[in-house]
Amino acid sequence: ARCKSSSYRVNELRTVYGLDRERSDEAQTLASLAAGPDPKAVEMLAAETREGLLAIRDALDLFTRGDREDKEPLLALEPHLFNLASTLTVTGANNLADRLRGCAGGIGELGRGILTIDDQRLRTIAQELFSVEAALGDLAGSEPHRSDMGDAVDAFGDLFAVEAGETEE
């Protein structure tokens with residue numbers, strides 16, 4: 001906090017410690033960084049992260065519909081999710097970053113065979129990705145994306161139909 005007094009002693013201390021000068025460019029830069037990221041930068045990062053999530057979600061969809069014995073596609077998604085989580089940390093969206101790290105960990109455990117791959121686990125991860133993606137849309141201030149939950153049944157087919165009790169016999 002800055003002292004607003006202009007007494008002789010306070011002025012002398014300002015002079016001795018260089019507090020009477022304007023802040024340097026470096027100090028101003030540090031102060032702006034401490035204030036947080038620029039809102040436009042946050043919007044851009046959120047939009048880019050959202051696009052990255054779309055690609056991950058599409059790859060997860062292909063895995064879900066394909067041969068689940070080949071776990072390499074899952075293992076390939078894990079580092080991408082961790083990278084996206086790190087990107088979100090820069091924006092201050094730590095909750096969303098933590099949620100992506102959770103998805104990455106879940107996908108990694110499935111890919112390494114620590115957990116059995118089943119519809120429920122895949123559905124849980126997919127729903128969390130949808131939820132994070134929707135929150136990123138809010139953060140980016142963008143229009144609803146094709147990945148919103150209304151399209152979830154189309155994107156993940158039977159996984160969401162099973163949960164809703166809409167399976168055909």
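Worth saying up front: this structure is predicted, and the values here are computed from it rather than measured.
Side-chain atoms of Arg50 never come within 3.5 Å of backbone atoms of Leu136 as a donor-acceptor pair (strictly under, hydrogens ignored). No donor-acceptor pair closer than 3.5 Å links the side chain of Thr91 to the backbone N or O of Thr87. Side chain of Thr64 to backbone of Leu60: a donor-acceptor contact under 3.5 angstrom is found.
Residues satisfying the salt bridge (charged side-chain N to carboxylate O under 4.0 Å, His left out) criterion with Asp98, sequence neighbours excluded, are Arg101. Looking at residues two or more places apart in sequence or on another chain, you find no salt bridge (charged side-chain N to carboxylate O under 4.0 Å, His left out) involving Glu48.
At least one side-chain heavy atom of Leu81 sits under 4.5 Å from a side-chain heavy atom of Leu53.
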> Given the rule in the salt bridge (Lys or Arg N to Asp or Glu O under 4.0 Å) test, do Asp61 and Arg57 qualify, once you have shown the distances and angles that lead to the verdict?
Replying inline: CA-CA 6 Å; Asp61 179 41; Arg57 208 194 65 237; over 6 Å; no

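Rounding to the nearest 0.5 Å places CG of Leu84 at 11.0 Å from CD of Glu51. Interatomic distance, Phe82 CZ to Leu100 CG, rounded to the nearest 0.5 Å: 10.0 Å. His80 NE2 to Asn83 CG: the interatomic distance, rounded to the nearest 0.5 Å, is 7.5 Å. Within the model, atoms CG of Leu129 and SG of Cys103 stand 4.0 Å from one another, a figure rounded to the nearest 0.5 Å. Considering CZ of Arg68 and CG of Leu122, their distance stands at 5.0 Å, rounded to 0.5 Å.
Side-chain contact of Glu128 with Thr124: a donor-acceptor pair under 3.5 Å is absent, judged by distance alone.
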Side-chain donor/acceptor pairs under 3.5 Å, residues 109-116, sequence neighbours excluded:
| unit_1 | atom_1 | unit_2 | atom_2 | d |
| --- | --- | --- | --- | --- |
| Arg112 | NH1 | Glu78 | OE1 | 2.9 |
| Arg112 | NH2 | Glu78 | OE2 | 3.1 |

